[in-house]
Amino acid sequence: MSQRKKLLAGNWKMNKTSADAGALVREITAAAGQRTDVDIVVCPPFTALESAGKMLDGSAVRLGAQNLHPEKNGAFTGEISADMLRALFVSHVILGHSERRTLFAESDAFINLKVLAALKHQLRPIFCVGETLAEREAGATLRVVQTQVERGLVGVAKEQATEVAVAYEPVWAIGTGKVATKEQAQEVHAFIRSLLTKHFGDAVAQKIRILYGGSMKPSNAPELLAQPDIDGGLIGGASLEARSFVELVTAAAAAK
Ligand code: PEP
């Protein structure tokens with residue numbers, strides 16, 4: 001049995017007003033708020049963090065943000081710092097999501113600064129990597145993922161590495177309904193673990209959770225979550241409704 005507890009994180013993206021977020025959190029905590037056999041994180045938009053955080057009080061569900069800026073404060077119009085997130089009791093932060101990489105031109109070097117800033121402020125990064133369809137078709141998947149992992153984790157100390165969860169999200173599977181097969185996902189997850197082993201040593205690498213993301217839903221989750229190196233999921237669409245998200249939590253618990 002894996003020594004890694006499964007982690008399920010819901011990436012709500014640019015969805016839910018503060019009031020909508022409160023309602024969704026209420027449903028999730030009513031159904032799964034006291035579960036400790038799976039780590040559960042919800043990541044609402046910035047504007048709903050405070051209301052969602054209040055609703056999570058007293059439950060085991062943790063609060064995540066979808067981004068941060070690496071600087072502490074200053075003239076960065078529209079940005080949010082790690083300190084600001086900590087003040088709202090945020091514990092996790094999604095970094096390097098493919099939508100940030102593609103739509104907002106975030107580089108590996110910039111994402112690395114964010115990872116380091118998060119760790120410095122006791123925020124746990126959910127650090128995303130993954131190839132595009134063109135890269136997969138060109139046979140470049142492992143090379144692309146290796147570059148993203150190595151550049152994104154530069155300067156992360158061995159002692160802090162277990163705070164990071166890596167999310168493997170093939171870009172072609174995000175929001176498309178096309179899910180990686182369990183073999184495709186396991187191959188890349190095992191490869192990522194081998195990179196982590198090279199970088200941090202086997203004992204640390206065995207503790208780092210590697211999540212799958214990309215059209216995960218209750219129907220395909222059990223076989224993905226049963227793979228030896230798939231330690232949970234980063235969920236977009238299926239996290240926007242309590243019923244499907246809670247079903248995924250149940251699937252993760254059953255896959256232990
Ligand atoms: C995501 O954006 O992180 C994601 C995995 O989205 P979806 O589940 O909708 O594919």
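Atoms within a ligand are numbered from 1 in the order they appear, just like the ligands themselves. The analysis underlying the following values was restricted to heavy atoms, covering all of them including side chains, and did not include hydrogens, waters or symmetry mates. Source: prediction; values computed, not measured.
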Check if A173 has a non-hydrogen atom at a distance under 4.0 Å from any atom of ligand 1.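 True for this residue.
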
State if G175 counts as touching ligand 1 under the rule of any non-hydrogen atom under 4.0 Å.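 Contact check G175 vs ligand 1: positive.
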
Identify, by atom number and element, the atoms of ligand 1 in contact range of [X], meaning under 4.0 Å from any of its heavy atoms.
{"X": "H97", "answer": "1 (C), 2 (O), 3 (O)"}
{"X": "L234", "answer": "3 (O), 5 (C)"}
{"X": "G214", "answer": "5 (C), 10 (O)"}
{"X": "E169", "answer": "1 (C), 3 (O), 4 (C), 5 (C)"}
{"X": "G237", "answer": "7 (P), 8 (O), 9 (O)"}

Regarding [X] and [Y], is there a side-chain donor-to-acceptor distance under 3.5 Å anywhere?
{"X": "T132", "Y": "E135", "answer": "yes"}
{"X": "Q66", "Y": "R100", "answer": "no"}
{"X": "D229", "Y": "Q186", "answer": "yes"}
{"X": "N220", "Y": "K182", "answer": "no"}

L153 to F200 - nearest heavy-atom pair and separation: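 Distance-wise, the nearest heavy atoms are CD1-CE1, 4.2 Å.
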
Taking only residues at least two apart or on different chains, which pairs with a member in residues 46-60 satisfy side chain to side chain donor-acceptor pair (under 3.5 Å)?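 Every side chain to side chain donor-acceptor pair (under 3.5 Å) pair that includes a residue of residues 46-60, provided the two are not neighbours, is S18-S51.
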
Quick check: does A238 get an N/O under 3.5 Å from an N/O on ligand 1?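 No; the residue has no nitrogen or oxygen that sits under 3.5 Å from a nitrogen or oxygen of the ligand.
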
Please confirm whether K13 comes within less than 3.5 Å of ligand 1 when only nitrogen or oxygen atoms on both sides are compared.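 Yes: some nitrogen or oxygen of K13 is under 3.5 Å from one in ligand 1.
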
Measure the distance from atom 4 (C) of ligand 1 to every protein heavy atom, then report the residue, atom name and distance (to 0.1 Å) of the closest one.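 Closest protein heavy atom to atom 4 (C) of ligand 1: G236 N, 3.6 Å.
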
Taking R35 for the side chain and A60 for the main chain, is one N or O donor matched with an acceptor at less than 3.5 Å?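 Answer holds: no.
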
